[in-house]
Every structure is written in structure tokens, then in C-alpha cells.
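Here the structure is laid out as C-alpha cells; the discussion comes afterwards.
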Amino acid sequence: MSGWNEKAIPDQSGRVAVVTGANSGIGYAAARELARKGARVVLACRSERRGGEARDRLLSEVPGAEAELARLNLGDLASVREFATSYPYERLDLLINNAGVMALPYGTTADGFETQFGTNHLGHFALAGLLLPSILATPGARVVTVSSGMHAVANIDIHDLNSERRYRRWIAYARSKTANLLFVHELARRLAAHGSDVIAAAAHPGYAATNLQTAGVQMEGRTVAERFVRVGNRFFAQSAEAGALPTLYAATAPDVSPDSFTGPSLAGWRGSPAPSWRAPWTRNDEAGQRLWSASEELTGVTYDALKGCPGHQR
């Protein structure tokens with residue numbers, strides 16, 4: 001794994017990849033490199049304008065690439081269902097759950113969920129469940145979910161998943177990233193019980209310069225804080241391209257294990273992909289099953305294709 005970079009990505013010809021949040025940052029870099037290696041890439045983006053600009057940019061950077069845009073708002077379950085219903089391919093080799101929001105002022109999604117939990121976890125939970133038949137039908141498929149080293153700040157509160165008792169933006173973000181890892185843990189367990197060779201894995205970018213850091217302060221009009229964040233991104237963060245490498249490794253490297261967590265090698269901050277430390281609560285079977293059941297109830301997506309495997313709960 002040492003020194004691994006985008007040049008080591010195996011040929012992706014004939015494969016189909018869906019990348020959420022592919023209009024910028026890590027998502028765009030991952031989509032571009034998969035397309036460069038021959039994959040047909042679906043850029044799943046909330047904004048059709050920004051997504052269209054990203055697709056055009058990708059096609060200019062990778063002439064002949066197979067890249068298309070599809071609208072997906074993870075904060076609206078109706079949009080998630082529409083995306084899954086209109087998905088045009090029988091196969092899905094790579095689902096990269098990349099899109100996310102970070103440290104926003106309190107708000108709710110179209111369905112009334114706290115924005116960070118609803119977008120970062122529930123939206124992707126629903127998307128993967130609705131696309132599961134195509135994933136299971138594809139030999140060697142993978143589901144890669146982008147978490148964060150910030151997950152270590154807080155475990156989920158199964159009794160207050162939507163932060164209704166008290167909202168602290170960074171705690172809510174950390175809990176949503178813990179939820180990402182618990183989702184991967186439980187999905188990997190259920191896939192194994194089902195006898196599937198689909199790999200569910202997680203990754204995180206370390207500290208990468210993207211617009212994720214500035215979104216919250218921009219929403220509040222905090223110009224001084226925004227400038228501070230931009231300075232930090234410029235001098236301390238690695239590039240979005242470097243931040244995308246753990247995701248690309250988890251999506252394509254031949255030795256990736258189910259429920260693995262890949263991040264930057266240097267203290268989880270920057271560098272080439274390496275196995276990443278994760279909080280022990282992210283591998284708790286009971287917590288994973290309880291979050292799974294709650295997520296099914298909240299989204300109405302029940303992963304029917306995996307029903308009957310040991311540990312399935314309703």
C-alpha cells in the first residue's frame with residue numbers, strides 16, 4: 001500500500017461507478033480517475049448546474065471518457081428514490097457514498113431529519129438499499145462510504161439520532177461519520193451472511209482542501225472565519241486529488257477487505273493510503289444492528305435482497 005497512487009488503479013473498462021457529490025473536491029477527483037481508467041461514471045449531484053459543469057470539465061480533462069450526470073439530493077428521500085428508479089444499468093460495480101455536509105447550523109432535510117445525519121447517513125443508507133439489486137447482480141461490486149477521522153469525537157446516540165435534545169454542530173457531524181462506519185460494519189456483516197462477494201468498505205481523506213470546510217461559515221455569513229479556514233486549507237491541507245486516494249484505493253485495490261477503513265498514512269492527516277485507526281464503537285455489532293433498524297424505519301428502505309440473513313431485524 002505504501003506509495004499507492006492513482007496510477008495503480010486497475011483497468012476499469014466495462015465497469016459502472018456511481019459517485020455521489022461528484023461535482024467538486026474528492027468526489028470529482030475520484031470520478032475523474034475512475035473515468036480515466038475506463039469506467040462509465042455517473043456523477044450524482046444535487047445541483048444540475050454544478051454537476052453539468054463538472055461533467056464538462058471531466059470530459060475536457062479525459063477526452064473520450066464515459067461520464068454522465070444524474071440529479072441526486074441526499075437530503076430528500078423522494079430524490080433518492082427517483083435516482084434509483086431511473087438508474088439505467090443492470091450492473092453497478094462501484095457505489096461511492098462520498099457526498100456530505102459538515103458543521104452546518106441546525107437545520108432539517110426535506111423529510112425532517114437533522115441535516116448532517118439525514119444527508120451523510122440516511123441519504124446514503126437509502127441509496128445503497130435501493131440500488132442493492134444492481135450491486136448484488138454485479139460480480140466483485142463494492143460499496144465505499146466516505147467517513148472522517150472526526151468520527152472519533154462522538155458515538156451515535158441511538159435515542160437522539162436527530163439531535164433534538166441538544167444540537168452541537170461538530171458533535172452532530174462526528175455522529176454522522178460514526179453512523180457511516182457503523183453502516184459499513186453492519187452492511188459487510190449482512191453481505192457475508194448472505195454469501196455475497198460484494199465488499200463494503202470505508203475511507204476518509206484526512207485533511208483535504210475542499211469546499212466542505214467553508215460551507216457552514218458561508219451559510220452564516222462569518223467572513224472572518226471563512227478566511228481563516230481558507231488559509232488553513234491553503235497551507236496545511238493536502239489537495240482534493242490526494243484526499244481522494246484512500247477512496248480510490250478502497251474502491252479498486254485488489255487487497256481491500258470488507259469493513260476496512262482506509263485513510264492517509266501520516267497520522268491520518270495526509271499521505272498515501274494506509275489502514276486507518278477507528279473508534280471501537282464503530283465495530284459494535286449491537287450498535288450497528290440498532291442503527292440499521294432505526295435507519296430502515298426512518299427511511300422506509302428495508303434492504304429486501306438481504307432479508308433472511310442472520311441478525312436481520314425489523
Side-chain angles (χ1 to χ4, degrees), residues 1 3-72 74 83 86-100 124 127 131 134-135 138-146 199 201 203-206 208-212 233 237-254 256 262-264 270-273:
M1 188 182 293
W4 192 94
N5 60 34
E6 69 280 359
K7 295 178 182 178
I9 298 172
D11 179 50
Q12 300 294 301
S13 298
R15 309 189 83 200
V16 181
V18 170
V19 183
T20 69
N23 58 283
S24 65
I26 292 163
Y28 175 79
R32 182 191 60 207
E33 296 311 314
L34 290 171
R36 197 188 304 277
K37 290 291 185 172
R40 177 185 292 274
V41 179
V42 179
L43 284 67
C45 304
R46 182 177 59 179
S47 167
E48 292 186 69
R49 178 185 62 80
R50 293 195 297 270
E53 292 171 351
R55 178 199 56 207
D56 294 344
R57 175 185 169 196
L58 191 155
L59 292 173
S60 69
E61 292 180 340
V62 188
E66 295 184 281
E68 57 197 74
L69 171 65
R71 186 177 181 279
L72 172 65
L74 290 161
F83 177 93
S86 61
Y87 179 74
Y89 306 110
E90 293 183 0
R91 67 183 299 132
L92 177 51
D93 299 83
L94 296 175
L95 172 60
I96 298 183
N97 295 324
N98 163 80
H124 282 126
L127 179 67
L131 293 174
S134 296
I135 295 169
T138 308
R142 297 188 187 183
V143 178
V144 176
T145 301
V146 179
I199 292 176
H204 76 94
T210 71
N211 59 14
L212 192 66
N233 280 356
Q238 61 181 351
S239 67
E241 286 74 15
L245 290 178
T247 296
L248 288 166
Y249 185 93
T252 67
V256 173
T262 303
R270 60 192 304 145
S272 58

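We count residues from 1, following the sequence as given.
With values rounded to the nearest 0.5 angstrom, Leu248 atom CG is found 10.0 Å from Ile26 atom CD1. If you take CD on Glu90 and OG on Ser134, they are separated by 8.0 Å, rounding to the nearest 0.5 Å. Atoms OG1 and CG, from Thr247 and Leu34 in turn, are 10.0 Å apart once rounded to the nearest 0.5 Å. How far CD of Glu33 is from OH of Tyr28: 9.0 Å, rounded to the nearest 0.5 Å. Note that CG of Leu131 is 7.0 Å distant from OH of Tyr87, once rounded to the nearest 0.5 Å. To the nearest 0.5 Å, the span separating NE2 on His124 from OG1 on Thr20 amounts to 3.0 Å.
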Donor-acceptor contacts, no H, no angles, side chain residues 41-48, under 3.5 Å, sequence neighbours left out:
from: Ser47; atom 1: OG; to: Arg49; atom 2: N; distance (Å): 3.4
from: Ser47; atom 1: OG; to: Arg50; atom 2: N; distance (Å): 3.1

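Remark: Phe83 pairs with no residue by the ring pair (Phe, Tyr, Trp, His ring centres under 6.0 Å) rule, at least two apart or across chains. For Glu241, the salt bridge (Lys or Arg N to Asp or Glu O under 4.0 Å) partners are Arg32, not counting sequence neighbours. For Arg142, there are no salt bridge (Lys or Arg N to Asp or Glu O under 4.0 Å) partners at least two apart in sequence or on another chain. Taking Arg71 as the reference, nothing meets the salt bridge (Lys or Arg N to Asp or Glu O under 4.0 Å) condition, with sequence neighbours excluded. The side-chain hydrogen bond (donor to acceptor under 3.5 Å, both in side chains) search around Ser13 returns Asp11, not counting sequence neighbours. Qualifying side-chain hydrogen bond (donor to acceptor under 3.5 Å, both in side chains) partners for Gln12, counting only residues two or more places apart in sequence or in other chains: Arg15. Thr145 is linked by a side-chain hydrogen bond (donor to acceptor under 3.5 Å, both in side chains) to Asn97, counting only residues two or more places apart in sequence or in another chain.
In terms of heavy atoms, Leu58 sits closest to Ala35 at CD2-CB, 3.9 Å. The two residues Ala65 and Leu59 have their closest heavy-atom pair at O-CD2, 3.4 Å. Summarising the geometry of Asn98 relative to Val146, their closest heavy-atom pair is CA-CG2, 3.8 Å, with the distance given to 0.1 Å. Here the closest heavy-atom approach between residue Trp4 and residue Thr252 is recorded as CZ2-OG1, 3.8 Å. Taking each heavy atom of Ala240 and Ala29 in turn, the nearest pair found is O-CB, 4.1 Å. Minimum interatomic distance between Ala54 and Ala22 (heavy atoms only, all atoms of both residues): CB-O, 4.0 Å.
Under the 3.5 Å distance criterion, the side-chain polar atoms of Asp93 are matched with a main-chain donor or acceptor of Val16. Put simply, the side chain of Thr262 never gets that close to the backbone of Ala250: no donor and acceptor are under 3.5 Å apart. When atom types are taken as modelled, the side chain of Tyr249 and the backbone of Val256 share no donor-acceptor pair closer than 3.5 angstrom.
Salt-bridge check for Glu68 with Arg40: passed, with a basic side-chain N closer than 4.0 Å to an acidic carboxylate O.
Annotation: side chain of Glu53 is not in contact with side chain of Asn23 (no heavy-atom distance under 4.5 Å).
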